[in-house]
Protein chains: 2
Amino acid sequence: MATIRDVSRLAGVSVATVSRVINRSGYVKEETREAVLAAMRALDYEPSVIARGLAGKNTATIALIIPDILNPFFPEVARAIEDQANKFNYTVILCNSDNDPEKERKYIQVLKNKRIDGIIIASYTIEAPQILELQREGVPVVAVDRAFGSHPILSFICNNREGARMAARHLIERGCRKIAHISGPPVMSAKERYQGYVDVCGSESRFDPGLVAEGNFTIEGGYAATLELFARHPDIDGIFAGNDLMAVGALKALYQLGKSVPRDVKIVGFDDIALARMVVPEITTVRQPVYEIGRQAMKHLIKLINGEKIGQKTMRLDVELVVRRSSGEAADRV
Amino acid sequence: MATIRDVSRLAGVSVATVSRVINRSGYVKEETREAVLAAMRALDYEPSVIARGLAGKNTATIALIIPDILNPFFPEVARAIEDQANKFNYTVILCNSDNDPEKERKYIQVLKNKRIDGIIIASYTIEAPQILELQREGVPVVAVDRAFGSHPILSFICNNREGARMAARHLIERGCRKIAHISGPPVMSAKERYQGYVDVCGSESRFDPGLVAEGNFTIEGGYAATLELFARHPDIDGIFAGNDLMAVGALKALYQLGKSVPRDVKIVGFDDIALARMVVPEITTVRQPVYEIGRQAMKHLIKLINGEKIGQKTMRLDVELVVRRSSGEAADRV
DNA sequence: TTGAAAGCGGTACCAA
DNA sequence: TTGGTACCGCTTTCAA
């Protein structure tokens with residue numbers, strides 16, 4: 001591979017000049033510039049990312065820390081980020097933290113050592129102080145699927161509470177009289193969705209705290225929670241699951257209980273992961289603009305990396321109710 | 001961050017000596033070694049990966065090139081590789097190539113520039129010469145889900161043909177008399193699975209080329225292929241889908257056709273992605289040891305990186321039939 | 001056993 | 001406008 005010195009030699013100038021044309025910094029006479037460019041082209045020269053990294057420049061690499069790429073929510077985030085990164089010539093390091101603070105810490109250590117340019121993190125466990133410290137050390141950070149109150153941390157998250165309200169209202173509109181909620185683990189997005197559910201159903205005369213069960217954001221959890229709910233309230237006719245995985249779990253449980261969806265029970269999920277359209281019946285859900293969240297996160301991370309002064313706060317993206325068969329009219333049923 | 005110079009100063013030795021103890025290279029008196037180690041600990045020193053990369057050493061980074069992380073097969077591969085990489089202090093760069101040769105080429109270019117230590121690639125499109133050239137340039141490469149005949153390329157792939165045979169035989173055992181196959185796109189693994197199907201069903205007196213339709217490895221493809229197959233042969237009672245996604249598509253089509261699975265038609269998929277257990281009925285499938293494939297790929301990539309001389313050939317991993325409801329006895333049905 | 005010093009391939013400051 | 005050169009932090013001869 002050609003080096004900057006090869007280029008300088010061929011162009012008959014110093015390496016300093018070559019560096020200037022590469023970085024468009026300082027003055028370079030147009031003629032010289034062109035000679036250098038020609039030499040670069042002739043040698044098929046590409047500046048070594050590693051060398052410029054060592055010299056204090058960017059490494060054109062960012063890291064994405066997520067709990068687990070096996071969770072179907074994250075491939076969509078990862079893809080959006082990678083697409084956007086790629087467009088701006090960044091490369092993405094993938095880190096699965098399993099929501100383990102120790103693992104997170106270790107990754108961050110390694111990433112700093114590798115002088116990556118920035119981090120996008122989706123973590124239920126990380127707390128503001130840790131991120132603020134990273135920022136203090138000069139590492140740009142953007143969070144996704146998480147908010148940090150009034151801390152100056154840029155984060156992209158959807159409007160969970162409003163989405164949950166939409167889901168609950170939809171079930172009511174579809175005629176459900178007794179609506180249960182399968183909540184997620186005690187993390188921010190799950191709590192917000194629970195709140196939205198309570199906003200709408202909490203005042204109903206038929207409301208009962210027993211209509212809520214926790215499902216841990218997993219299929220198994222949603223399955224177990226549904227059995228639990230129906231054991232307590234056999235007359236539930238609507239379920240708002242805190243995410244699509246739990247909605248699928250609910251679907252399986254209802255199938256086993258001999259209930260028909262949507263005739264006997266209607267289901268609404270949250271997220272709109274691909275899975276929601278893969279099962280039968282397809283699941284009505286509150287669509288998070290996941291791709292957009294990833295895109296925006298990466299876009300803004302680049303701004304931070306470039307030193308742009310942008311507001312560091314929580315950005316709420318709108319959600320959208322996607323009506324499918326699981327909440328359809330009974331007549332819709334094949 | 002402390003540098004090697006800080007350590008050498010504190011330990012009262014030269015940087016060369018510190019470097020020796022870091023790399024366990026050359027002679028270092030035990031006493032000196034301990035003094036250096038102590039200094040390293042005191043300063044919480046960690047060698048800069050970037051500096052040693054520039055100095056010609058490893059960058060402790062490998063790249064994983066896959067078609068698309070949104071394809072549910074790849075998160076499992078990625079996770080296995082990342083786990084294993086992490087265990088050996090490697091970091092993984094994720095690249096989505098979309099099976100676009102141009103994109104692949106560009107990625108490889110960038111990765112070489114970043115001096116990554118090795119590449120694990122899953123690509124339908126890449127050809128042996130390109131990989132061989134990479135090897136010649138000193139970049140260790142391991143392929144997954146792909147074989148390259150007798151070329152000296154290390155690759156991990158499952159025993160597709162035998163797995164397909166198992167699937168077909170299973171359907172026959174379960175009493176199916178007319179077994180169709182939904183094939184994948186014209187890529188190696190799909191072709192091998194098709195072969196396995198023909199091995200078993202091709203000689204049947206009821207066999208007919210019209211019993212095969214292509215489904216492009218996607219849900220939609222499987223759905224369309226199934227409708228097509230039943231239009232030709234309404235009496236099909238068994239379907240072997242080339243992968244689980246297409247099996248799910250078949251499931252949806254059959255649901256729409258008013259056929260009951262497994263009573264009227266039994267289905268077997270391939271891969272055993274998580275989705276296979278998420279749908280109702282759960283899908284019988286030929287389980288690929290995906291995690292193991294990823295693990296082995298990474299393990300061997302590290303060996304290559306460390307210069308170990310290992311056989312560079314195709315490694316076939318065994319598959320396993322996982323029987324679930326989609327091929328169950330009709331009596332199994334709830 | 002140890003240290004001095006020349007790279008690795010850039011960047012950027014200071015002079016010219 | 002340009003060039004010389006001292007780093008960035010580590011590895012690796014080569015001598016001592």
Side-chain angles (χ1 to χ4, degrees), chain A residues 1-37 39-40 43-61 89 109-110 112-117 138 306-307, chain B residues 1-37 39-40 43-61 89 109-110 112-117 138 306-307:
Chain A
M1 278 192 170
T3 74
I4 195 172
R5 257 162 270 269
D6 298 328
V7 175
S8 74
R9 217 167 292 141
L10 181 59
V13 299
S14 73
V15 295
T17 300
V18 178
S19 178
R20 274 184 216 109
V21 349
I22 293 172
N23 299 294
R24 311 180 186 309
S25 65
Y27 296 96
V28 180
K29 204 203 297 175
E30 185 54 27
E31 272 172 59
T32 322
R33 210 180 88 84
E34 269 162 22
V36 170
L37 254 20
M40 284 173 47
L43 294 171
D44 202 16
Y45 169 75
E46 202 128 1
S48 157
V49 171
I50 250 185
R52 40 173 27 181
L54 182 56
K57 281 283 199 175
N58 289 351
T59 51
T61 305
N89 291 110
Q109 185 59 36
V110 171
K112 283 197 303 200
N113 183 289
K114 293 197 177 177
R115 267 219 176 61
I116 51 139
D117 298 335
N306 293 336
Chain B
M1 277 194 172
T3 74
I4 197 172
R5 249 164 278 272
D6 298 328
V7 175
S8 75
R9 219 167 289 140
L10 181 58
V13 299
S14 73
V15 296
T17 301
V18 177
S19 178
R20 275 184 216 111
V21 350
I22 293 173
N23 299 294
R24 310 182 188 309
S25 65
Y27 295 96
V28 180
K29 203 202 299 174
E30 184 55 26
E31 271 171 58
T32 322
R33 209 180 89 84
E34 269 161 24
V36 170
L37 255 20
M40 284 173 50
L43 294 171
D44 204 16
Y45 169 75
E46 204 129 1
S48 157
V49 171
I50 251 188
R52 42 176 22 185
L54 181 56
K57 282 281 198 175
N58 290 349
T59 51
T61 305
N89 292 108
Q109 186 58 36
V110 170
K112 282 197 304 200
N113 183 289
K114 293 198 177 179
R115 267 219 175 58
I116 50 139
D117 298 334
N306 292 336

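At distances below 3.5 Å, not a single donor-acceptor pair connects side-chain atoms of A/T59 with backbone N or O atoms of A/G53. With A/N113 contributing its side chain and B/V49 its backbone, the two residues share a donor-acceptor pair below 3.5 Å.
Judged as a side chain to side chain contact (heavy atoms under 4.5 Å, CB included), and not counting sequence neighbours, the contacts of A/T3 are A/R5, A/D6. Under the side-chain hydrogen bond (donor to acceptor under 3.5 Å, both in side chains) criterion, A/T61 pairs with B/K114, sequence neighbours left out. In terms of the side chain to side chain contact (heavy atoms under 4.5 Å, CB included) criterion, residue partners of A/A51 (sequence neighbours excluded) are, by chain and number, A/S48, B/L54.
Think of the region where chain A sits on DNA chain D: with heavy atoms and a 4.0 Å cut, that region ends 5' and 3' at D/dT1 to D/dG9.
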Output side-chain donor-acceptor pairs under 3.5 Å for residues 10-17 of chain A, partner residues at least two apart or in another chain, one line each.
from	atom 1	to	atom 2	distance (Å)
A/S14	OG	A/A16	N	3.3
A/S14	OG	A/T17	N	3.3
A/S14	OG	A/T17	OG1	3.3
A/T17	OG1	A/R20	NH1	3.4

Pair up each side-chain donor or acceptor in residues 21-34 of chain B with any protein partner under 3.5 Å, not counting sequence neighbours, and list the distances.
from	atom 1	to	atom 2	distance (Å)
B/N23	OD1	B/R52	NH2	2.8
B/N23	ND2	B/S19	O	2.9
B/N23	ND2	B/S19	OG	3.3

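Atom CG of A/L43 is separated from atom CZ of A/R9 by 10.0 Å, given to the nearest 0.5 angstrom.
Residues A/A60 and A/D117 come closest through the heavy atom pair N-OD2, 2.7 Å. The two residues A/V7 and A/Y45 come nearest to each other via the heavy atoms CG2-CG, 3.6 Å.
Across its full length, the helix from C/dT1-D/dA16 to C/dA16-D/dT1 shows an angle of 40° between the axes of its 5 terminal pairs at either end, rounded to 10 degrees.
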Per-nucleotide protein contact string for nucleotides 3-13 of chain C, where B marks a base within reach and S marks sugar-phosphate only (heavy atoms under 4.0 Å, - for neither): BB--BBBBSB-
